[in-house]
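Atoms considered below: every heavy atom in the structure, side chains included; atoms not considered: hydrogens, waters and symmetry mates.
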Amino acid sequence: MKSQTGKPRLGIIGTGKVGQTLAIAWHKAGYRISAVHNRTTHSAQKLAQKMNAQVTTVQDLCSLADLILLSVPDNAIATVADNLATYDISWQGKAIIHTSGATSLDPLLSLAEQGAMVGSLHPAFPFASVEKAVNRVHGATFAVETQNDLLQNWLNSLISSLDGHSITIPAGKKALYHVALVFASNYTVTLFDIAKQLLHTLDADPQAVQTALSTLVSATADNLASQSTPDALTGPLLRADTDTLTAHLHALENATALDNHEDIRQLYLALAKLTLPMVKQRGIEMDTLDTFLQDNSG
């Protein structure tokens, strides 16, 4: 039975950053968190106290909740789900979702066979800390995968309660979705670190380097938010400035203080090639750039 508000009662299995953030955010949005479970009881108790929830066994949690959030490591999803499927619980009318970005619904099949509605809900959001995430997760985008209409409605309502947006993931496409986020988020950190390495070879003040690059990345993110691609693109490719491109490659060839300088040079060329379609969309004449990159590849 759902709560008197008509919203499904939520149960949280796993109280890491994602589980804590979503539980607190949805509690503030008017959802009842009925029960919380975690391998470490202390962590579950701290979270439960914030929303007047019970700390229970996994089996009791499944009895108390209509919609169960499985926020555990990816490699534990199938094990936990298979254990849940062995419990003497009526799964009809109940739903369980995992929060993995890369994992399909396959690990939940044992529960689906018991009559549970299954799905996944992944926030496209970096959970650096619970405190910051709770305030900033509003307006985030969530990837939704389910084949059940009722569960789809529940998940849409959960997202709407946080003023969020949704991306519907077709069956079998979860990994493709996730790799897109890795490029946008994880590898931005990699590129930032490469820039730091290069600037540190100049014996520049570390704080000045951090501030310069953080300001640059922040401004770029603002440009992307307001203009998107290709309009947010700047730099020598957009000017077809082969003199500057040549100087860049020469500098990287001679950045011998870095053991990985040749890998960085090859990455620079690969990124330049992948940037060309956006340059073309901006109306830049391409022959000079195409020739330049062909001559410098290999």
Flag for [Y]-[X]: side-chain donor and acceptor within less than 3.5 Å:
| X | Y | value |
| --- | --- | --- |
| Lys17 | Ser129 | no |
| Lys273 | Ser297 | yes |
| Gln152 | Asn156 | yes |

Counting only heavy atoms not in [X], do more than 12 sit closer than 6.0 Å to its [atom1] atom?
| X | atom1 | answer |
| --- | --- | --- |
| Asn254 | CG | yes |
| Gln147 | CD | no |
| His200 | NE2 | yes |

Point to revise | Name of the residue among Asp241, Thr246, Thr242 meeting side-chain hydrogen bond (donor to acceptor under 3.5 Å, both in side chains) with Thr244 | key: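 Exactly one candidate clears the test, Asp241.
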Does [X] reach the main-chain N or O of [Y] with its side chain, forming a donor-acceptor pair under 3.5 Å?
| X | Y | result |
| --- | --- | --- |
| Arg282 | Pro230 | yes |
| His37 | Thr56 | yes |
| His138 | Asp163 | no |
| Ser226 | Asn223 | yes |
| Lys174 | Thr103 | yes |
| Thr146 | Gly119 | no |
| Glu253 | Ala255 | no |
| Trp91 | Leu111 | no |
| Lys94 | Ala65 | yes |
| Thr275 | Leu271 | yes |

Check your understanding: Could you go step by step and tell me if Ile77 and Ser100 meet the side chain to side chain contact (heavy atoms under 4.5 Å, CB included) rule?
Key -> CA-CA 9 Å; Ile77 295 172; Ser100 168; 3.9 Å; yes
Point to revise | Pair Asn148-Val118, side chain to side chain contact (heavy atoms under 4.5 Å, CB included): steps then yes or no | key: CA-CA 8 Å; Asn148 184 278; Val118 298; over 6 Å; no
Supply the atom-to-atom distance [X] [atom1] to [Y] [atom2], rounded to the nearest 0.5 angstrom.
| X | Y | atom1 | atom2 | answer |
| --- | --- | --- | --- | --- |
| Leu64 | Gln59 | CG | CD | 11.0 Å |
| Arg239 | Thr234 | CZ | OG1 | 8.0 Å |
| Ile159 | Ile167 | CD1 | CD1 | 10.0 Å |

Tabulate below the donor-acceptor pairs under 3.5 Å that side-chain atoms of residues 39-54 make, not counting sequence neighbours, or state none.
residue: Ser43; atom: OG; partner: Thr15; partner atom: OG1; Å: 2.6

Which pairs of donor and acceptor atoms, one on a side chain in residues 206-216, lie under 3.5 Å apart (sequence neighbours left out)?
residue: Gln207; atom: NE2; partner: Thr211; partner atom: OG1; Å: 3.1
residue: Gln210; atom: NE2; partner: Ser214; partner atom: OG; Å: 3.3
residue: Thr211; atom: OG1; partner: Gln207; partner atom: O; Å: 2.9
residue: Ser214; atom: OG; partner: Gln210; partner atom: O; Å: 2.8
residue: Thr215; atom: OG1; partner: Thr211; partner atom: O; Å: 2.8

Point to revise | Identified ring pair (Phe, Tyr, Trp, His ring centres under 6.0 Å) partner of His122 from the options Phe127, Tyr177, Phe142 | key: Tyr177
Point to revise | Sole residue of His250, His261, His248 in ring pair (Phe, Tyr, Trp, His ring centres under 6.0 Å) with Tyr268 | key: His248
Practice item. Go through the steps for Gln294 and Asp290 under the test side-chain hydrogen bond (donor to acceptor under 3.5 Å, both in side chains), then give the verdict. Key: CA-CA 6 Å; Gln294 289 173 8; Asp290 286 335; 5.7 Å; no
